Amino acid sequence: MVAVVRVHKVGGPEVLTYEDIAVAAPGPGQIRVKQHAIGVNFIDCYFRSGLYPAPGGLPFVVGHEAAGEVEEVGPGVSEFKRGDRVAYVQGPGCYAAERLVPAERAVKLPANIGYEQAAAMMLKGLTVQYLLRRTFKVEKGMNVLMHAAAGGVGLIFCQWANHLGANVIGTVGSKEKAALARANGCHHAILYRDEDFVARVKEITGGRLCEVVYDGIGKTTFPASLDCLRPLGMFVSFGASSGPIEAFNINLLQAKGSLFATRPTLNTYAAKREDLLAMAADLFAVVGSGAVKIPMNQTYALRDAAEAHRDLEGRLTTGCSILVP
Ligand SMILES: NC(=O)c1ccc[n+]([C@@H]2O[C@H](COP(=O)([O-])OP(=O)(O)OC[C@H]3O[C@@H](n4cnc5c(N)ncnc54)[C@H](OP(=O)(O)O)[C@@H]3O)[C@@H](O)[C@H]2O)c1
């Protein structure tokens, strides 16, 4: 039996139940991993609350990101062996001391990347990789806006976008978060709970506005985020921490300057194994070189997952949060 955090009935953080379940031997193409650290992500809250239905129904083990060592490999697995250090984005199912993972979703960890670092960055760091390198190719001198710049995705994004030479503008919920975002490469931090962020973006960019806006907030920043874009700019709606964006008339994009809009997910960008490996190699390279540091700012015991969710949804966290079994 192994310790897990499961949801039997969707709802608030209180539905996260710490209990023991049996884990089977790995089947064909699977590996069994003893997990050393587990990442906490906003998507875990969407599944817990029922906003996203769990594909296998109830009950389900929460969590999408973790790292650990291979204990056993199933039939047909040749790429991994017992003792290998691995990490993956594979959910739900990660809030567990041990779990089965499809081998084709796991990547080997380089020696210079620790388990906790890996668990904190696989989902968030791979997301930043595709947002900056594929959804929109950010280049030196571009104005880019990232909402919730002091969050898990946000702090990794600010460092990486700065490293690429962009002019990084971020919104944040407090003065402390503004200082943290600035310390992580954000050139201009806007206190969007007190200031009109559209007016501030106009001011900061001298009226040129942004080539791209990355919006993981959703309901409360839409449609204002569109007003931060120059003509032909790209609106990237990649999450909804304040609630989903309501259906809107597509003519809005024409009226605001022939804008592009996309709603990407990591699942699509990393669906092919060759893409997953290339993206992970890029992430491990920027982290390994020191250009991007993974901010592991909150650590909880696995049994305290509910507290981690309350803090994340309560806007009390910065950077990445991890659970330790
Ligand atoms: N599409 C993808 O592939 C993908 C992958 C990973 C993550 N995501 C999305 O990226 C976003 C960030 O994820 P994360 O795990 O790194 O979370 P996070 O940014 O660490 O936490 C969410 C932050 O959103 C801000 N926020 C604004 N309004 C909020 C509200 N009403 N309730 C709660 N928070 C609010 C808060 O920052 P302030 O206090 O500074 O406002 C809060 O700290 C999420 O929307 C997530 O779904 C998408």
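Predicted model only: the values in this text are computed from it and were never measured. Ligands are counted one by one from 1 in listed order, and the atoms in each one are counted from 1 as well.
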query = Can you tell me which residue and heavy atom of the protein come closest to atom 33 (C) of ligand 1, and the distance to 0.1 Å?
reply = Glu313 O, 3.4 Å
query = Angle class for the Phe197/Tyr192 ring planes (parallel below 30°, perpendicular above 60°, tilted otherwise)?
reply = perpendicular
task = Determine whether the side chain, the backbone, both or neither of Arg263 has a heavy atom under 4.0 Å from any heavy atom of ligand 1.
result = side chain
task = Could you tell me if any non-hydrogen atom of Tyr130 lies under 4.0 Å from any atom of ligand 1?
result = yes
request  = Could you say whether the N/O atoms of Lys177 and ligand 1 ever approach to under 3.5 Å?
outcome  = yes
query = So do Phe260 and Leu229 actually touch side chain to side chain, heavy atoms under 4.5 Å?
reply = no
query = Which protein non-hydrogen atom lies closest to atom 17 (O) of ligand 1, naming both residue and atom, and how far is it?
reply = Phe42 CD1, 3.6 Å
inquiry  = What I want to know is whether Leu123 and ligand 1 share at least one N or O pair that is separated by under 3.5 angstrom.
reply    = no
Side chain, backbone, both or neither: Ala240 near ligand 1, heavy atoms under 4.0 Å = backbone
message = Evaluate Phe238 for polar contact with ligand 1, using N/O atom pairs at a separation under 3.5 Å.
response = yes
message = When you compare ligand 1 with Tyr192, is there at least one nitrogen or oxygen pair between them that comes in under 3.5 angstrom?
response = yes
Option of least heavy-atom distance to atom 25 (C) of ligand 1 (set: Ile217, Leu180, Ile43, Asp44) = Ile217
key: Sidechain N-carboxylate O distance under 4.0 Å for Glu79, Lys108   = no
query = How about Phe235 and Phe222: are their ring centres within less than 6.0 Å of each other?
reply = yes
ask   = Taking C-beta and beyond as the side chain, do Met279 and Leu266 meet within less than 4.5 Å on heavy atoms?
value = yes
task = Give yes if a backbone or side-chain nitrogen or oxygen of Ser241 is under 3.5 Å from a nitrogen or oxygen of ligand 1, and no if not.
result = yes
Contact check: Gly152 vs ligand 1, nitrogen or oxygen atoms, below 3.5 angstrom = yes
inquiry  = Pairs of nitrogen or oxygen atoms closer than 3.5 Å, one from Gly173 and one from ligand 1: do any exist?
reply    = yes
query = Below 4.0 Å from any atom of ligand 1, is there a heavy atom belonging to Asn41?
reply = yes
task = Using atom types as modelled and distance alone, determine if a side-chain donor or acceptor of Ser242 lies under 3.5 Å from a backbone N or O of Ile217.
result = yes
query = Would you say the side-chain atoms of Asn41 pair up with the backbone N or O of Ile43, donor to acceptor, closer than 3.5 Å?
reply = no
query = Where on Leu266 is there a heavy atom closer than 4.0 Å to ligand 1, on the side chain, on the backbone, on both, or on neither?
reply = both
inquiry  = In the structure I gave you, are the side-chain heavy atoms of Leu109 and Tyr115 within less than 4.5 Å of one another anywhere?
reply    = yes
message = Please determine whether any non-hydrogen atom of Gly154 lies less than 4.0 Å from an atom of ligand 1.
response = no
task = Considering heavy atoms of the protein only, find what lies nearest to atom 42 (C) of ligand 1 and give residue, atom and distance to 0.1 Å.
result = Arg315 CG, 4.1 Å
ask   = If you measure every N/O of Thr171 against every N/O of ligand 1, is any gap under 3.5 Å?
value = no
query = Any ion pair linking Arg200 and Glu203 (charged N to carboxylate O, less than 4.0 Å)?
reply = yes
inquiry  = Quick test of your reading of the structure: of Ser242, Gly319, Gly151, whose heavy atom lies closest to atom 31 (N) of ligand 1?
reply    = Ser242
query = Does ligand 1 have a heavy atom under 4.0 Å from the side chain of Tyr269, from its backbone, from both, or from neither?
reply = neither
query = Under 4.0 Å from any heavy atom of Leu312, which atoms of ligand 1 are there?
reply = 20 (O), 21 (O)
request  = For ligand 1, indicate whether the residue His147 contacts it via side chain, backbone, both or neither (heavy-atom separation under 4.0 Å).
outcome  = neither
query = Can you list the steps and then say if Asn143 with Thr205 is a side chain to side chain donor-acceptor pair (under 3.5 Å)?
reply = CA-CA 7 Å; Asn143 295 323; Thr205 61; 4.8 Å; no
message = Counting only nitrogen or oxygen atoms and a 3.5 angstrom limit, does Gly216 reach ligand 1?
response = yes
ask   = Is there a donor-acceptor pair under 3.5 Å between the side chain of Gln159 and the backbone N or O of Leu155?
value = yes
inquiry  = So is Pro264 touching ligand 1 or not, going by heavy atoms under 4.0 Å?
reply    = yes
ask   = Does any N/O atom on Val153 come nearer than 3.5 Å to any N/O atom on ligand 1?
value = yes
ask   = Do the ring planes of Phe47 and Tyr52 sit parallel (below 30°), tilted (30 to 60°) or perpendicular (above 60°)?
value = perpendicular
task = Under 4.0 Å, heavy atoms only, figure out whether ligand 1 is touched by the backbone of Thr127, its side chain, both or neither.
result = side chain
